[in-house]
K.L.:
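Quick one: the structure is below, questions incoming.
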Amino acid sequence: MKYMLLLRASGCRALDPGTREERRMAMAAFSEHLVRAGVMLADGAVAAHDTEARVWFDGDDRSVVAAGDDDIDEDALRGFWILQVDSQREALEWARRIPATDGCAQLHRILDAGGEPAT
């Protein structure tokens with residue numbers, strides 16, 4: 001089964017450089033652990049909140065909201081992993097191991113183009 005594991009920040013407060021580097025190293029070590037376990041298909045970090053933009057769909061209207069606009073929330077996406085595991089329970093166990101000190105992780109089952117669970 002394939003799952004997308006999303007890491008979301010709780011607020012977008014600035015981190016001091018030491019803390020930022022410590023977090024980056026901890027996340028890199030977590031990703032390496034996923035690789036060694038043979039469950040990671042892909043991973044990535046997401047650029048800072050001030051680079052974010054969204055396109056909102058409302059019928060034919062396509063509204064663009066850019067960083068700094070009030071419609072950009074503080075629960076920003078910070079990174080992701082694509083996992084190949086045997087069960088949702090296993091994916092949740094990996095999510096619990098993320099070395100985050102705030103925010104949340106979201107777990108989504110990945111479907112193929114036909115809407116069936118991807119394997």
K.L.:
Is a donor from one side chain sitting under 3.5 angstrom from an acceptor on the other, for Gln106 and Arg8?
P.N.:
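Arg8 and Gln106 do have a side-chain donor-acceptor pair below 3.5 Å.
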K.L.:
Grouping I, L, V, M, F, W and Y whenever their side-chain heavy atoms are under 4.5 Å apart, do Trp81 and Met25 come out in a common cluster?
P.N.:
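They do not share one cluster, since no chain of ILVMFWY contacts under 4.5 Å joins Trp81 to Met25.
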K.L.:
Measure across Pro99 and Ala26 and return the closest heavy-atom pair with its distance rounded to 0.1 Å.
P.N.:
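Nearest heavy atoms, Pro99 then Ala26: CG-O, 3.5 Å.
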K.L.:
Measuring only between side-chain heavy atoms, which start at C-beta, is Arg62 closer than 4.5 Å to Phe57?
P.N.:
yes
K.L.:
Can you name the residues that form a salt bridge (charged side-chain N to carboxylate O under 4.0 Å, His left out) with Arg24, not counting sequence neighbours?
P.N.:
Glu21
K.L.:
Under the ring-ring contact (aromatic ring centres under 6.0 Å, His included) definition, can you give me all pairs with a residue in residues 99-119, not counting sequence neighbours?
P.N.:
none
K.L.:
Residues in salt bridge (charged side-chain N to carboxylate O under 4.0 Å, His left out) with Arg96, at least two apart?
P.N.:
Glu93
K.L.:
Is it true that, when you exclude Arg89 itself, more than 12 heavy atoms of the residues, nucleotides or ligands shown sit nearer than 6.0 Å to its CZ?
P.N.:
no
K.L.:
Please find the pair of heavy atoms, one from Arg109 and one from Pro117, that lie closest to each other, and give the distance.
P.N.:
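Heavy atoms only, the tightest pair is NH2-CB, 2.9 Å.
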K.L.:
Centroid separation under 6.0 Å, is that true for the rings of Tyr3 and Trp94?
P.N.:
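Here the rings of Tyr3 and Trp94 have centres that are no less than 6.0 Å from each other.
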K.L.:
Please find the pair of heavy atoms, one from Gly79 and one from Val46, that lie closest to each other, and give the distance.
P.N.:
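Taking Gly79 first and Val46 second, the nearest heavy atoms are N-CG2, 3.9 Å.
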K.L.:
Are Val35 and Leu41 connected in a single hydrophobic cluster, I mean Ile/Leu/Val/Met/Phe/Trp/Tyr linked by side-chain heavy atoms less than 4.5 Å apart?
P.N.:
no
K.L.:
Which atom names give the shortest non-hydrogen contact between Met1 and Asp86, and what distance separates them?
P.N.:
CE-O, 3.2 Å
K.L.:
Looking at CD of Glu90 and CD of Gln84, how far apart are the two atoms once the value is rounded to the nearest 0.5 Å?
P.N.:
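It comes to 10.0 Å.
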K.L.:
Quick one: does Arg78's side chain get under 4.5 Å of Met27's, heavy atoms only?
P.N.:
no
K.L.:
Side chains of Asp61 and Trp56: closer than 4.5 Å at any heavy-atom pair?
P.N.:
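A side-chain contact under 4.5 Å is absent here.
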K.L.:
Quick check: is Leu107 connected to Leu34 through a chain of hydrophobic side chains (ILVMFWY, heavy atoms under 4.5 Å apart)?
P.N.:
yes
K.L.:
Quick one: are Leu7 and Ile98 in side-chain contact, heavy atoms under 4.5 Å?
P.N.:
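Side-chain contact under 4.5 Å: yes.
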K.L.:
Mind checking whether Met4 and Val85 sit in one hydrophobic cluster, side chains of I, L, V, M, F, W, Y counted as touching below 4.5 Å?
P.N.:
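Different clusters.
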